[in-house]
There are 2 protein chains.
Amino acid sequence: MTQKAVFYHAGCTICLDAERQIAHALDPSRYAVEIVHLGADRSRIPEAEAAGVVSVPALVIGGAPLHINFGASLSDVKGVA
Amino acid sequence: MTQKAVFYHAGCTICLDAERQIAHALDPSRYAVEIVHLGADRSRIPEAEAAGVVSVPALVIGGAPLHINFGASLSDVKGVA
């Protein structure tokens, strides 16, 4: 039985490093990790906001947002055309 | 073959939440996670600093520090008698 974890990023170097180090390090027998690029899939931004994400990269796991280092604020991601 | 990952914290609520959500979520077949309470084991502070840790909670994995949310700066931890 796996629970869902969502890793939100915006394609920046800090995001990709965190993705490599954390998102792919979770136990696959317990967590199904979805990687969401908010720059490429802007329709997911409201969902990230609703989960409490204020900057990327962030991992939402167990319903709580974990902000990992700092790549960009969500408002910056929203401001990018 | 597991690689070492070290989770540094200082006992605060933010630290303990992150420990529960991240440190224990890593794949145990790939990562041997050590939990270090820098408030209780102050002799490990220089090692954390050398790894690039500037605040807790932080996870050092693959040689790089990931700062997860923000509980306290390392200088605050050092300042606590």
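Only this structure's heavy atoms are used, side chains among them; waters, hydrogens and symmetry mates stay out. Convention: sequence-line order gives letters A, B, ...; per-chain numbering from 1.
Between A/Phe7 and A/Pro57, some side-chain heavy-atom pair lies under the 4.5 Å cut-off.
Between the B/Arg42 side chain and the B/Val77 main chain, a donor and an acceptor come within less than 3.5 Å of each other. With A/Arg44 contributing its side chain and A/Val36 its backbone, the two residues share no donor-acceptor pair below 3.5 Å.
Among A/Ser29, A/Ala58, A/Ser55, A/Pro28, the residue making the largest number of heavy-atom pairs under 4.5 Å with chain B is A/Pro28.
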Verdict with supporting geometry, B/Leu59 and B/Val6, side-chain contact (heavy atoms from CB on, under 4.5 Å): CA-CA 6 Å; B/Leu59 180 72; B/Val6 186; over 6 Å; no
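Contacts of A/Ala5 with chain B are absent, with no heavy-atom separation under 4.5 Å from either backbone or side chain. With a 4.5 Å cut-off on non-hydrogen atoms, A/Ile14 does not touch chain B at all.
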